[in-house]
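As structure tokens, the structure follows; a few thoughts come after it.
In what follows, residues are counted from 1 in the order of the sequence shown.
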Amino acid sequence: MAFSIIPRLNYHYTLKDIIISLSGLFKKDFNYDELKLMYNVDEVLFFNHARTAMRIALNSLGLKKDATVGLMGFNCLTVMNSIKSAGFNLLFIDVTDDFQIEMSDFISKAGKMDALIINHMFGIPNKTIIDIRKLFPALPIIEDCAHSFMTKLNGKPTGTYGDMAVFSYGKGKFPSVGDGGFMIINNNNYVKTVNTQYGKLQPVTLWSELKNIASSIILCFIHIPFIYKYVTLRLFKGIDNKKDFVGKYSTKEKSYYKSNLNLFLSKLKEKDSLLRRQIMNGENLQKEINAKFVAFKGEYNYFMLPIYLDNREEFINYSADRGIEIGKHFSKSIQWAKEFGYVGGSCPNAEKIAEKIVTLPVHFSYNTSKLKKVIYNYFKFEKNG
């Protein structure tokens with residue numbers, strides 16, 4: 001049994017990051033021309049959380065009261081909460097094994113929806129947005145790019161296909177910095193309404209900024225492998241499930257954290273090298289693992305590598321005993337969806353995915369030895385299983 005464990009998420013926060021975050025508190029203006037150039041937009045709006053941006057995006061579409069918003073049946077709870085917070089109904093659409101919208105199911109339900117949220121799940125580009133745009137040009141589309149920063153689709157960044165797009169640069173994302181998100185607007189018809197709502201957000205207080213920096217330091221500390229195994233997993237994980245210690249589901253809407261924004265913008269200088277390392281890890285891991293289990297083949301930012309296993313819990317427990325934490329992201333999707341009116345059996349493939357998904361960590365901080373350990377662990381489990 002291993003004496004430490006490799007965490008599944010990359011909570012990376014160095015002394016240099018702390019200094020950059022603190023220096024952001026004294027800035028009045030931030031230069032984000034690189035982002036504007038990357039997405040070919042005149043403006044980028046920053047938020048305390050991507051969920052704040054998503055709610056504002058939804059309420060800027062000019063939809064009628066009690067409108068219906070379509071979303072993928074396999075999804076994040078925060079997306080569901082954002083739609084509900086905006087005052088709209090949810091209509092769930094089935095998903096293919098490679099996290100694309102199931103087109104026949106979408107077409108059968110398209111007449112019932114007033115807008116659509118398309119996720120680029122795990123950083124995998126959702127190619128169906130191109131076909132949907134052609135078939136339903138008047139349907140407002142918001143891209144959820146929480147996982148897909150720097151992923152491209154047909155040579156264009158994800159986020160440039162919909163009317164608006166929401167990104168996240170929160171803890172454990174790529175790159176890993178403190179909580180935050182940003183929005184880009186591709187359809188000028190929504191600029192005025194978005195800016196009106198954006199102007200109503202309260203600024204983040206200095207006390208909140210300092211608490212946020214302290215939270216990032218604590219999260220980095222408790223994710224040190226030895227501490228993570230013997231303290232964090234036993235104590236803090238239980239607390240977080242009850243108290244939401246890291247604020248995963250907080251609905252407080254504020255403007256952006258200056259500390260986190262300054263750190264995020266500074267990370268843009270090394271984004272290409274970090275991405276190359278992450279893609280290299282993802283490609284090597286995907287190449288080594290039995291192809292029949294790999295959920296997606298193609299080019300993306302390798303935020304995570306999702307696979308499907310019938311004996312998921314056995315694999316997760318087996319890996320934990322050998323020092324590797326394996327995730328099962330959004331495995332509670334259907335359970336969450338039922339709280340928002342989902343009817344069992346209406347998205348059968350999404351239900352299957354939720355039962356079998358396993359997410360393997362491939363983030364850029366993994367060195368060769370850690371990656372080999374993940375690969376060896378998988379094959380050892382397959383052999384013994």
Is NZ or CZ of Lys352 both nearer than 6.0 Å to the six-membered ring centre of Tyr308 and within 45° of the ring axis?
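The answer is yes, since Lys352 meets both limits relative to Tyr308.
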Run the side chain to side chain donor-acceptor pair (under 3.5 Å) test on Arg55 and Asn59 for me, step by step, so that the C-alpha distance in whole Å, both residues' side-chain angles and the decisive distance to 0.1 Å come before the verdict.
CA-CA 6 Å; Arg55 200 280 302 163; Asn59 282 139; 2.9 Å; yes
Between [X] and [Y], is there a shared hydrophobic cluster once you connect ILVMFWY residues whose side-chain heavy atoms come closer than 4.5 Å?
X: Phe264; Y: Phe26; value: yes
X: Ile5; Y: Tyr376; value: no
X: Ile217; Y: Tyr257; value: no
X: Ile185; Y: Met38; value: yes
X: Leu265; Y: Val204; value: no

Pair Ile118, Ile132 - check side chain to side chain contact (heavy atoms under 4.5 Å, CB included), show working.
CA-CA 10 Å; Ile118 291 184; Ile132 290 171; 4.1 Å; yes
[X], [atom1] atom: more than 12 neighbouring heavy atoms under 6.0 Å:
X: Asp272; atom1: CG; value: yes
X: Lys332; atom1: NZ; value: no
X: Asn195; atom1: CG; value: yes

Looking at Lys109 and Asp105, is any side-chain nitrogen of the basic one under 4.0 Å from a carboxylate oxygen of the acidic one?
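The answer is yes: the pair qualifies as a salt bridge.
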Run the salt-bridge test on Glu34 and Lys271 with the 4.0 Å N-O cut-off and return the result as yes or no.
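Result for this pair is yes, salt bridge flagged.
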Taking the six-membered ring for Trp, is the centroid-to-centroid distance between [X] and [Y] below 6.0 Å?
X: Phe136; Y: Phe106; result: yes
X: Tyr198; Y: Phe47; result: yes
X: Phe381; Y: Phe379; result: no
X: Phe167; Y: Tyr39; result: yes
X: Phe182; Y: Tyr32; result: no

Under the salt bridge (charged side-chain N to carboxylate O under 4.0 Å, His left out) rule, collect the residues that match up with Lys36, sequence neighbours excluded.
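Lys36 satisfies salt bridge (charged side-chain N to carboxylate O under 4.0 Å, His left out) with Asp33 only.
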Residue pair [X] / [Y], side-chain donor-acceptor N/O under 3.5 Å:
X: Tyr302; Y: Gln286; result: yes
X: Ser23; Y: Asn262; result: yes
X: Asp17; Y: Thr14; result: yes
X: Thr205; Y: Ser208; result: yes
X: Glu313; Y: Tyr318; result: no
X: Glu102; Y: Ser104; result: yes
X: Ser319; Y: Asn377; result: yes
X: Ser259; Y: Glu209; result: yes
X: Tyr366; Y: Gln278; result: no
X: Asp179; Y: Asn260; result: no
X: Lys252; Y: Asn48; result: no

Residues which pass side chain to side chain donor-acceptor pair (under 3.5 Å) with Lys370, listed by chain and number, not counting sequence neighbours:
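Lys370 satisfies side chain to side chain donor-acceptor pair (under 3.5 Å) with no other residue.
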Point-to-point distance, once rounded to the nearest 0.5 Å, from [atom1] of [X] to [atom2] of [Y]:
X: Ser273; Y: Phe364; atom1: OG; atom2: CZ; result: 9.0 Å
X: Asp97; Y: Asn349; atom1: CG; atom2: CG; result: 5.0 Å
X: Leu35; Y: Leu268; atom1: CG; atom2: CG; result: 5.0 Å
X: Asn81; Y: Glu339; atom1: CG; atom2: CD; result: 8.5 Å

Ser346 (side chain) donor-acceptor with Val343 (main chain) under 3.5 angstrom
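Answer holds: yes.
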Could you tell me whether a side-chain N or O of Glu143 sits under 3.5 Å from a main-chain N or O of Ile117, the two making a donor and an acceptor?
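Not confirmed, Glu143 side chain does not pair with Ile117 backbone.
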Given Asp98, Ile101, Leu153, the one that forms side chain to side chain contact (heavy atoms under 4.5 Å, CB included) with Lys127:
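Looking at Asp98, Ile101, Leu153, the match for Lys127 under the side chain to side chain contact (heavy atoms under 4.5 Å, CB included) is Leu153.
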Which ILVMFWY residues are connected to Ile19, directly or by a chain of links, through side-chain heavy atoms under 4.5 Å apart?
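Besides Ile19, the hydrophobic cluster comprises Leu15, listed by chain and residue number.
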Heavy-atom pair with the smallest gap, counting every atom of [X] and [Y]:
X: Gly178; Y: Ser216; value: CA-OG, 4.1 Å
X: Asn126; Y: His120; value: N-ND1, 2.9 Å
X: Gly162; Y: Asn186; value: O-ND2, 2.8 Å

Set of residues satisfying side-chain contact (heavy atoms from CB on, under 4.5 Å) with respect to Ile227, sequence neighbours excluded
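side-chain contact (heavy atoms from CB on, under 4.5 Å) list for Ile227, sorted by chain: Phe221, Ile224, Val231, Thr232.
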Which donor-acceptor pairs under 3.5 Å do side chains of residues 354-362 form with protein atoms, sequence neighbours excluded?
| residue | atom | partner | partner atom | Å |
| --- | --- | --- | --- | --- |
| Lys356 | NZ | Asp310 | OD1 | 2.9 |
| Thr359 | OG1 | Gly327 | O | 3.3 |
| Thr359 | OG1 | His329 | ND1 | 3.2 |

Should Val194 and Met183 count as side-chain neighbours, where that means a heavy-atom distance under 4.5 Å?
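Yes, their side chains come closer than 4.5 Å.
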Let's go through Phe303 and Ile124 carefully: what are the C-alpha distance in whole Å and the side-chain angles of both, what is the deciding distance for side chain to side chain contact (heavy atoms under 4.5 Å, CB included) to 0.1 Å, and is it a yes or a no?
CA-CA 8 Å; Phe303 176 63; Ile124 297 169; over 6 Å; no
Working note: Asp163 + Arg133, criterion side chain to side chain contact (heavy atoms under 4.5 Å, CB included); need CA distance, chi angles, decisive distance, verdict.
CA-CA 10 Å; Asp163 294 285; Arg133 196 42 118 187; 3.0 Å; yes
For the pair Glu382 and Tyr378, evaluate side chain to side chain contact (heavy atoms under 4.5 Å, CB included) and give the outcome as yes or no after the intermediate values.
CA-CA 6 Å; Glu382 284 292 290; Tyr378 174 83; 3.7 Å; yes
For a quick test of your reading: what N or O donor-acceptor pairs under 3.5 Å do the side chains of residues 60-73 make, sequence neighbours left out?
| residue | atom | partner | partner atom | Å |
| --- | --- | --- | --- | --- |
| Ser60 | OG | Ile56 | O | 2.7 |
| Ser60 | OG | Gln197 | NE2 | 3.4 |

Check the orientation of Phe122 and His147. Use parallel for under 30°, tilted for 30 to 60°, and perpendicular for over 60°.
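Rings of Phe122 and His147: parallel, under 30°.
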